Amino acid sequence: MDLTNYLIKPSESILDALTKIDNNNKGFLIVVDDEKYFLGTITDGDIRRGFIKGMNINEKIEKVYNKGSEKAFRNDEFNKIVELFKKPKIKFLPIIDECGRLVNVITKINMHVLLLKDTQFDLDYDFTKLDDSLLEHEIYNRPWGIYKTTFINEYSQSKIIKINPKGILSLQEHKRREEYWVVINGIGEVTIGESVKKIESGSFIYIPKGCKHRIVNLSEIESLMIAEVQLGDYFGEDDIIRYEDEYGRI
């Protein structure tokens, strides 16, 4: 794995550090010597505090980097890494071998993505190849309310859906995914095939592939909140076949 974008030497300047942090977009660097022995870490926060103390951009980072920063060892167990990341100030961990050389770097976001993708835990894994954006999803506006994807991988997607008072989703079906809904808050009415029933907080709804379905918020004042899990092999919005729609989207 190539850790070049994460590395800096004590003899380099604060300007060098800022340039590298800007390039790697992670907010930190690992300080090593010529043989890649781990010496410490430097973050954008460390640099900011250095400026507050009167340092200038051309001074060496040896005056500002953190020599006592937390680290992990290549043979550390899963539970130890989890416990380290529970500490609020730890956002990343340098990983060193038994001789003290840097061999890898893992961030807290890397750890979350690794687990949610069901990838086997291994501190020799190339974490730089993980897509951190799997945890970063926009909120999408719809005529009936909003939704936000909370996670997506090859075989599943989870969402939080907020349906406005009196909002109505289209009567629709999906060919490539089934859906599982749990009502978080509110009252509504759900259509599943030929069945229509009332739902409320705690209600569970299963929607098979190819089954027509729709949900309506019955309240005039309160949003209907749904937690949704989709299972399948494709989760694009174009796998929505609409049969009826209050907002003219057919």
Side-chain angles (χ1 to χ4, degrees), residues 1-136 151-154:
M1 69 197 73
D2 184 7
L3 298 177
T4 305
N5 289 336
Y6 293 87
L7 305 183
I8 194 166
K9 297 176 183 177
S11 58
E12 294 184 73
S13 70
I14 290 177
L15 177 59
D16 294 327
L18 286 171
T19 301
K20 291 184 176 183
I21 286 174
D22 186 59
N23 287 337
N24 73 23
N25 200 31
K26 298 295 183 182
F28 70 87
L29 294 168
I30 311 300
V31 185
V32 296
D33 65 13
D34 291 337
E35 302 298 322
K36 289 193 177 180
Y37 281 96
F38 172 70
L39 301 176
T41 62
I42 185 168
T43 68
D44 46 10
D46 294 325
I47 295 172
R48 185 169 57 252
R49 286 183 284 274
F51 287 150
I52 292 172
K53 293 176 181 179
M55 296 183 65
N56 68 68
I57 204 166
N58 294 313
E59 291 191 62
K60 306 301 183 186
I61 68 160
E62 61 187 0
K63 296 181 179 180
V64 71
Y65 81 83
N66 183 359
K67 300 177 180 63
S69 49
E70 195 74 67
K71 59 187 178 294
F73 291 89
R74 179 184 248 162
N75 60 352
D76 280 343
E77 297 290 335
F78 171 80
N79 287 342
K80 180 179 179 180
I81 304 302
V82 170
E83 289 303 314
L84 285 171
F85 276 133
K86 286 181 180 179
K87 298 179 181 180
K89 291 186 177 181
I90 297 183
K91 306 300 182 185
F92 64 93
L93 286 168
I95 301 167
I96 63 175
D97 65 16
E98 62 277 5
C99 297
R101 286 189 177 91
L102 183 76
V103 293
N104 210 344
V105 180
I106 183 172
T107 68
K108 189 172 185 176
I109 292 176
N110 288 160
M111 189 70 169
H112 288 188
V113 172
L114 188 79
L115 297 177
L116 291 172
K117 283 180 65 65
D118 195 27
T119 302
Q120 183 176 355
F121 176 77
D122 182 355
L123 289 179
D124 285 323
Y125 186 86
D126 188 354
F127 300 111
T128 63
K129 292 183 178 179
L130 290 175
D131 182 5
D132 290 352
S133 68
L134 288 174
L135 298 180
E136 300 172 4
F151 181 73
I152 184 169
N153 63 16
E154 294 83 359

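Counting begins at 1 with the first residue of the sequence. In this text the structure is predicted, and so the values were computed from the model without any measurement.
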Minimum heavy-atom distance between [X] and [Y], given as atom pair plus value:
| X | Y | answer |
| --- | --- | --- |
| Leu39 | Pro10 | CD1-CG, 3.5 Å |
| Ala17 | Ile61 | CB-CG2, 3.9 Å |
| Lys67 | Glu62 | NZ-O, 3.2 Å |
| Asp122 | Phe127 | O-CZ, 3.4 Å |
| Asn153 | Phe151 | ND2-CE2, 3.4 Å |
| Asn104 | Leu102 | O-CD1, 3.4 Å |

Practice task
List for me each residue that meets side-chain hydrogen bond (donor to acceptor under 3.5 Å, both in side chains) alongside Lys91, sequence neighbours excluded, and say none if there are none.
Solution key: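 Lys91 satisfies side-chain hydrogen bond (donor to acceptor under 3.5 Å, both in side chains) with no other residue.
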
Problem - Neighbour count above 12 (heavy atom, 6.0 Å) for Asp131 CG - result: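 Yes, CG of Asp131 has more than 12 neighbouring heavy atoms, counting only those of other groups under 6.0 Å.
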
Exercise for the section: Report, as yes or no, whether the 6.0 Å neighbourhood of atom NZ on Lys71 holds more than 12 heavy atoms from other residues, nucleotides or ligands. Expected result: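 Incorrect, the count does not exceed 12.
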
From [X] atom [atom1] to [Y] atom [atom2], the distance as rounded to the nearest 0.5 Å:
| X | Y | atom1 | atom2 | result |
| --- | --- | --- | --- | --- |
| Met55 | Ile14 | CE | CD1 | 3.5 Å |
| Asp126 | Ile106 | CG | CD1 | 11.5 Å |
| Glu98 | Asn75 | CD | CG | 7.5 Å |
| Leu15 | Lys20 | CG | NZ | 11.5 Å |
| Ile47 | Leu18 | CD1 | CG | 4.0 Å |
| Leu115 | Gln120 | CG | CD | 12.0 Å |

Problem - Contacts of Lys9 that satisfy salt bridge (Lys or Arg N to Asp or Glu O under 4.0 Å) - sequence neighbours left out - result: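 So Lys9 forms a salt bridge (Lys or Arg N to Asp or Glu O under 4.0 Å) with Asp34.
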
Problem - Asp124: salt bridge (Lys or Arg N to Asp or Glu O under 4.0 Å) partners, not counting sequence neighbours - result: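 Partners of Asp124 under the salt bridge (Lys or Arg N to Asp or Glu O under 4.0 Å) test: Arg74.
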
So, do [X] and [Y] sit near enough that their side-chain heavy atoms are less than 4.5 Å apart?
| X | Y | result |
| --- | --- | --- |
| Leu93 | Glu70 | yes |
| Phe92 | Ser69 | no |
| Asn110 | Phe85 | no |
| Phe121 | Glu77 | no |
| Tyr65 | Asp46 | no |

Problem - Phe28 and its side-chain contact (heavy atoms from CB on, under 4.5 Å) partner, picked from Ile21, Thr41, Ile42, Thr43 - result: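 It is Thr43, the one option of Ile21, Thr41, Ile42, Thr43 that forms the side-chain contact (heavy atoms from CB on, under 4.5 Å) with Phe28.
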
Problem - side chain to side chain contact (heavy atoms under 4.5 Å, CB included) between Thr128 and Asn5, worked out - result: CA-CA 10 Å; Thr128 63; Asn5 289 336; over 6 Å; no

Problem - Heavy-atom donor-acceptor pair, Asn23 side chain to Thr19 backbone, under 3.5 Å - result: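 The answer is yes, because a donor-acceptor pair under 3.5 Å joins these two groups.
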
Practice task
Keeping the roles fixed (side chain from Lys36, backbone from Val103), state whether a donor-acceptor pair exists under 3.5 Å.
Solution key: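 Not confirmed, Lys36 side chain does not pair with Val103 backbone.
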
Handout entry: Note: Asp132-Lys26 ion pair, threshold 4.0 Å (strictly below)
Key =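 Answer for the salt bridge query: yes.
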
Problem - Salt bridge present between Lys80 and Glu83 (N-O < 4.0 angstrom) - result: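 No, this pair does not count.
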
Practice task
Compute whether any side-chain donor of one residue and acceptor of the other, for Ser13 and Asp16, lie under 3.5 angstrom apart.
Solution key: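 Judged by distance alone, the side chains do pair up.
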
Practice task
Verify side chain to side chain contact (heavy atoms under 4.5 Å, CB included) between Ile30 and Leu3, making sure each step is shown before the conclusion.
Solution key: CA-CA 9 Å; Ile30 311 300; Leu3 298 177; over 6 Å; no

